[in-house]
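This report refers to the structure that appears directly beneath it.
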Amino acid sequence: MIAEHPPNRGLQDLQELRVEAEESLAAVNNREELQAWHNAYLGRRGSVTRLLRRLGELPPAQRPAAGRQANTLKVALEAAYEIQREALARRERESAGEVRSRDRLDVTLPGRPVAQGGLHPITQTLREMKAAFARMGFQVYEGPEVELDRYNFTLLNMPPYHPARELHDTFYTTLPGLLLRTHTSPNQVRLMERLRPPIRIVVPGKVYRYENADPSHDWMFYQMEGLVVGKGITMCDLMGTIRELARQIFGPDRRIRFRCDYFPYVEPGLDTAVSCMLCQGTGCRLCGGTGWLEAIPGGMVHPQVLRSCGIDPEEHTGFAFGAGPDRIAALKHGIDDIRRFYANDLRFLEQF
Ligand code: DAH
C-alpha cells in the first residue's frame with residue numbers, strides 16, 4: 001500500500017524519490033491503486049508537486065538547475081504513469097474475455113477475396129492505339145470537350161448554315177458559339193495554329209452527339225484524331241498508317257476496306273472499314289448485317305483548312321483521320337454492342 005502523503009523531502013532526495021516512485025508504480029495492481037499512486041506523487045498535494053512548489057526556497061543560484069531536474073522527474077513519472085495506465089486497461093480488457101488478435105487467428109478460415117481493380121476496356125484500347133502510334137512517331141495531345149463552334153465547324157470548312165453541320169446532331173450550350181465537341185477534328189485546327197510542320201500527332205478524347213443510340217452508336221463515344229502535315233505527304237501515307245494501326249491492334253489477318261467518302265475538311269475523303277470479326281463477315285447486329293464496320297474515316301487535309309491555319313498548301317500537304325476506339329474495342333473483343341462499355345455492369349467489365 002502507498003502512503004497517501006509521503007513526508008516532505010529536501011531537493012537533494014530527487015533521485016531517491018524517483019526510484020521509490022517507480023518501484024511503487026510497478027507494484028500497482030488495479031485502477032484504485034494507480035489513482036492512489038497518482039495522488040501521492042503527481043496529485044495537487046503529491047510529493048513531486050510539493051517539491052516543485054518549494055523550489056523558491058532555494059538560493060537563487062541553485063534554482064534553475066534544481067528546477068530542470070525536478071521537471072525532468074515530473075515528466076518521466078507522468079510518462080510512466082500513462083504506460084502503466086494503458087497496461088492495466090489492456091489487462092482488464094483481456095481478462096474481460098477479449099483475447100489478443102494474435103491468439104484469435106484461425107488459420108483454417110478461407111482467405112478474404114482481394115478486390116482487384118482493372119483498366120476499362122476502352123482505356124486499354126486507347127493505350128494500345130497510342131502505343132501503336134507512338135511506334136510510328138506520333139505525339140499525343142489533348143483538347144477541350146467544350147469547344148468553340150469556330151473550331152468544331154467553321155475552320156473545318158463548315159461555315160454557319162453549311163449542310164454538313166446537320167450530320168453532327170450537336171449538343172449546344174446556352175452560351176452562343178459554345179458546344180460539346182461532336183468530333184476530335186477541331187484539334188487539327190488547334191494544333192496547326194500552334195505547331196509548324198512537320199506535324200505528326202494523335203488526339204484521343206470523348207465526343208458527344210445528340211443521337212439515337214444503337215449497337216454501333218452512342219451519345220458519347222471516343223475518337224482518336226490523327227494529323228500528319230509535311231512535305232510530300234500523300235494518300236499512300238494515310239493508307240499505310242491505317243493498315244499499320246490495324247495490323248498492330250488486330251493482327252495480320254484482319255481485312256480492311258477503303259472507300260471514297262465525303263468530309264468537308266478533307267479532299268479526297270476516305271472511309272476505312274474493318275471486316276467484322278464478330279460474324280466473320282456474314283453480317284450481325286454490330287456491323288448492321290454488312291460484314292464491315294466503319295472505324296477509321298480520314299482523308300487528305302483540305303487546302304483551305306491548311307491555309308486558314310497559316311500553312312501554305314503548295315508547300316505542305318497532310319492527311320487526317322478520326323479513328324473510333326469504341327468500335328475498334330468492340331471488334332477486338334467481339335462485343336456486339338458498344339453501349340455495353342458504358343453501362344457499368346461489372347460482370348461485363350471484369351472480363352477484360
Ligand atoms: N470527324 C469525323 C467524324 O467525326 C471523322 C473524320 C473524318 C476525321 C475525316 C478526320 C477526317 O480527321 O479526315 O465523323
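Just so it is clear, the values below take in all heavy atoms, side chains as well, and ignore hydrogens, waters and symmetry mates.
- At a threshold of 4.5 Å between non-hydrogen side-chain atoms, the residues Asp345 and Arg340 do not count as touching.
- Ring planes of Phe153 and His183: tilted class, angle from 30 to 60°.
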Please walk me through it: do Gln248 and Glu244 pass side chain to side chain donor-acceptor pair (under 3.5 Å)? CA-CA 6 Å; Gln248 291 199 34; Glu244 180 56 18; 2.9 Å; yes
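- Although no hydrogens or angles enter the test, the distance criterion places no donor-acceptor pair under 3.5 Å between the side chain of Thr184 and the main chain of Gln223.
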Step by step, work out the salt bridge (Lys or Arg N to Asp or Glu O under 4.0 Å) result for Arg90 and Glu86. CA-CA 6 Å; Arg90 202 177 326 119; Glu86 273 169 29; 5.3 Å; no
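- Side-chain contact annotation: Arg307 with Gln304, donor-acceptor N/O pair under 3.5 Å present.
- Side-chain contact between Phe263 and Leu156 is absent, with no heavy-atom pair separated by less than 4.5 Å.
- Side-chain contact between Arg165 and Asp149 is present, with heavy atoms from C-beta onward closer than 4.5 Å.
- Counting heavy atoms of neighbouring residues, nucleotides and ligands inside a 6.0 Å radius, atom OH of Tyr210 does not exceed 12 of them.
- A 4.5 Å side-chain heavy-atom check between Tyr141 and Leu195 finds at least one atom pair inside the cut-off.
- Geometrically, Arg190 engages Tyr151 in a cation-pi contact defined by less than 6.0 Å to the ring centre and at most 45° from the axis.
- At distances below 3.5 Å, not a single donor-acceptor pair connects side-chain atoms of Trp37 with backbone N or O atoms of Ala26.
- In this structure a side-chain-to-backbone donor-acceptor pair under 3.5 Å is missing from His168 to Thr170.
- Aromatic ring pairs are classed by plane angle as parallel below 30°, tilted from 30° to 60° and perpendicular above 60°; the pair His333 and Phe352 is perpendicular.
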